[in-house]
Protein chains: 2
Amino acid sequence: MTGPQRTLVDTVFDGIFQLLVSGEIPLGGVVNEVALAERFKVSRGPVREAVKALQGRGLIVKEPYFKARVVDLDVEDMIEIFQLRESVEGMSVKLATKVMSDEAMDALLQDFEMARGNGRVLDLHVRIAEESGNRRIQSLLCDELYYLLRLYRARSGSTPGRHDNASAEHWQILRAMRLRDADLAESLMRTHISRATEALQRLLVTDPSPVPPSRRDGRRRKEEES
Amino acid sequence: MTGPQRTLVDTVFDGIFQLLVSGEIPLGGVVNEVALAERFKVSRGPVREAVKALQGRGLIVKEPYFKARVVDLDVEDMIEIFQLRESVEGMSVKLATKVMSDEAMDALLQDFEMARGNGRVLDLHVRIAEESGNRRIQSLLCDELYYLLRLYRARSGSTPGRHDNASAEHWQILRAMRLRDADLAESLMRTHISRATEALQRLLVTDPSPVPPSRRDGRRRKEEES
DNA sequence: TCCCTCCATTCTGTCAACACTTTTGGGGAA
DNA sequence: TTCCCCAAAAGTGTTGACAGAATGGAGGGA
C-alpha cells in the first residue's frame, strides 16, 4: 500500500524500452539476453520475461531458438498502423464527443490552448483516447500504437511539413466535439489521419527506402552496446 | 524447416488457453503457477513466461506478488470490444474490398457458400481480416479480440436469436464487396456489429449480471475460491 | 578456388533452489 | 466476543547452472 512495489521485470522492461527509443539498440538490431542481464545487473530470468512482454506488445520479434530482434518498422508498417489508427481514433473521438461532460470538454479545450506553445502534437490524440471512456481503445492507442510511433519517429524524423496543417485540423476536431457533433468529429479525425497516411504513401512511391538500411547487412559482430 | 520446433512455452501457452476456454479455470479464477507446472510436467519457468504472454494478450491480469487471475469479462467489457470491432472491422472490410483480386473474391464467396451449413459465424470476419492486406489489423482481430470473444462466449452462451439476422447481413456485406463498393461494405459491417453492440447494451439494462456467480467449477483439485 | 563437413563458440530453453512478499490462522489482551 | 499482533504457510520473484540448438569458422576434398 506504500510503494508501487515495482518488480525487476518492470524495471528491465522500461530499461529495454529506453534502449529502443534512444536508438542504442537500432531497429532490427539483436536483443541479447545475457548482455542485457549484465547491463541491468540482474539474472536472465527477468530479462526473458521483459523481452516476452515487449514481444507481446510487438516491439520485439522472436522465433524459437533464434535471436530476438527489435521490430523493423518500415514505411509499409507505418501505413498499416495509420490505417488502423484512422478507424480506431475515429471511434475514439466519436465516443469521447458523446460521453464527455461539459466540464471535461472545457478542460480539454483549455489544456489544448495551454499546450499550444510547445510542439506536442500527439497529446490531443492521447487526451481524446483517455476521454473516450473505452479502456480497450485507450490501451490500444496509448499502450501499443503510440509506442510504435515513437519508435519509428525516433529513427526517421517526424513527417515533415505537416505540423501547421495538423494544428488547424486539430482545432476543427475540437470545434466539432464542443458542438457535440460526434459524426462530424469522427469524420474530421479520419480525414486528419488519412492525410498523414497519404503523406506516407507518397514517401513510399518517391523513395522506397527513406532510411538507407544499415541493418540488412548480415551478421556483424557486437552490433549492440558494450 | 521440417518441424515447427515448438518450445515448451508455446505448449504451455496453448494448454492454459484450453483450460480457459474449457472453463476449467473459470473467469476471474486464480492461476497458480506451481499447480500448472505440475499439471504440464514442466518447471515454473515456462509457465511464468506463458502466463506473461497471456497477460500481454489481456487474458490474464496480474499484480506483483499477487495471484494471477483470469480476466473477468463482463458485459461492459464486451461492449467496449464491440465498439472497437465496429471501427476496425469496418476498416478491415473496406481495405479487403479494395485490394482483393477477383479470384480471391470468388474464392471467398465460394467458401462462404460451403460453410453455410454449419453454424460458424465468425469465420467470415476472420477471412475478411486475412484478406485486408493489413497484418496489424489481422493480428488485432484474429489474435486478440477473437480470443476474448471465445472466452466470453464459452461462459455465457452466444448472443441468442441473432444468427438468422447475422447471416442476412453477411450476405449484404459480401454483395457490397463483390460490387467493389468499399464504403458501402464498411457501412454495412459497422451497422452489422453495431446491432450486436446494441443487443449487449439491452442486456446491460435488462439484467446487469447475465451470468450469476454460479461459476460452474469443474475443478476437483484444491484450487480455492473466495 | 569453391564447397561440403565437422567442431567450437554463442545463445536460447529449461530446471531446481533460494529469497522475498502476501496471506492465513491462532493466541492473547481489552 | 472482538480485535490486534505475530508466526507459519503458501505463492511469487529471482538466481545460477545445465542442456540443447544455431551460428561461424577451420579444415579437407573436388
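Just so you know, these numbers use all the heavy atoms, side chains as well, and skip hydrogens, waters and symmetry mates.
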Novice: Taking the side chain of Leu8(A) as heavy atoms from C-beta outward, which of dT22(C), dT15(D), dG13(C) is closest to it?
Specialist: dT15(D)
Novice: Strictly below 4.0 Å, N to O, side chains only: are Glu186(A) and Arg190(B) in salt-bridge contact?
Specialist: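 Arg190(B) and Glu186(A): salt-bridged.
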Novice: Expressed in angstrom and rounded to an integer, what is the separation of Arg69(B) atom CZ from dT12(D) atom C1'?
Specialist: 15 Å
Novice: Quick check for you: among dC11(C), dT12(D), dA16(C), whose closest atom lies nearest to any side-chain atom of Asn32(A)?
Specialist: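 Ranking dC11(C), dT12(D), dA16(C) by closest atom to the Asn32(A) side chain puts dC11(C) first.
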Novice: Kindly say whether, by distance alone, the side chain of Arg44(A) makes a donor-acceptor pair under 3.5 Å with the base of dG13(C)?
Specialist: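 Yes, the side chain and the base share a sub-3.5 Å donor-acceptor pair.
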Novice: Atom CZ of Arg48(A) and atom C1' of dT12(C): how far apart are they, to the nearest Å?
Specialist: 6 Å
Novice: What is the distance from CZ of Arg6(A) to P of dT14(D), rounded to the nearest Å?
Specialist: 11 Å
Novice: At 4.0 Å (heavy atoms only), tell me whether Gly45(B) reaches a base, stays on the sugar-phosphate, or touches nothing.
Specialist: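 Nothing, no nucleic acid heavy atom in range.
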Novice: Distance check: side-chain N/O of Lys52(B) vs OP1/OP2 of dG13(D), anything under 4.0 Å?
Specialist: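 Answer is no, no contact under 4.0 Å.
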Novice: Is any side-chain N of the basic residue among Arg136(B) and Glu144(A) closer than 4.0 Å to the acidic one's carboxylate O?
Specialist: no
Novice: Parallel, tilted or perpendicular, judged at 30° and 60°: which one describes the rings of His170(A) and His125(A)?
Specialist: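 The arrangement is perpendicular - the two ring planes meet at more than 60°.
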Novice: CD of Glu38(B) versus P of dT12(D): gap in Å, rounded?
Specialist: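 Those two atoms, CD and P, are 13 Å apart.
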Novice: Roughly how many Å is it from CD in Glu63(A) to P in dA21(D), rounded to a whole number?
Specialist: 16 Å
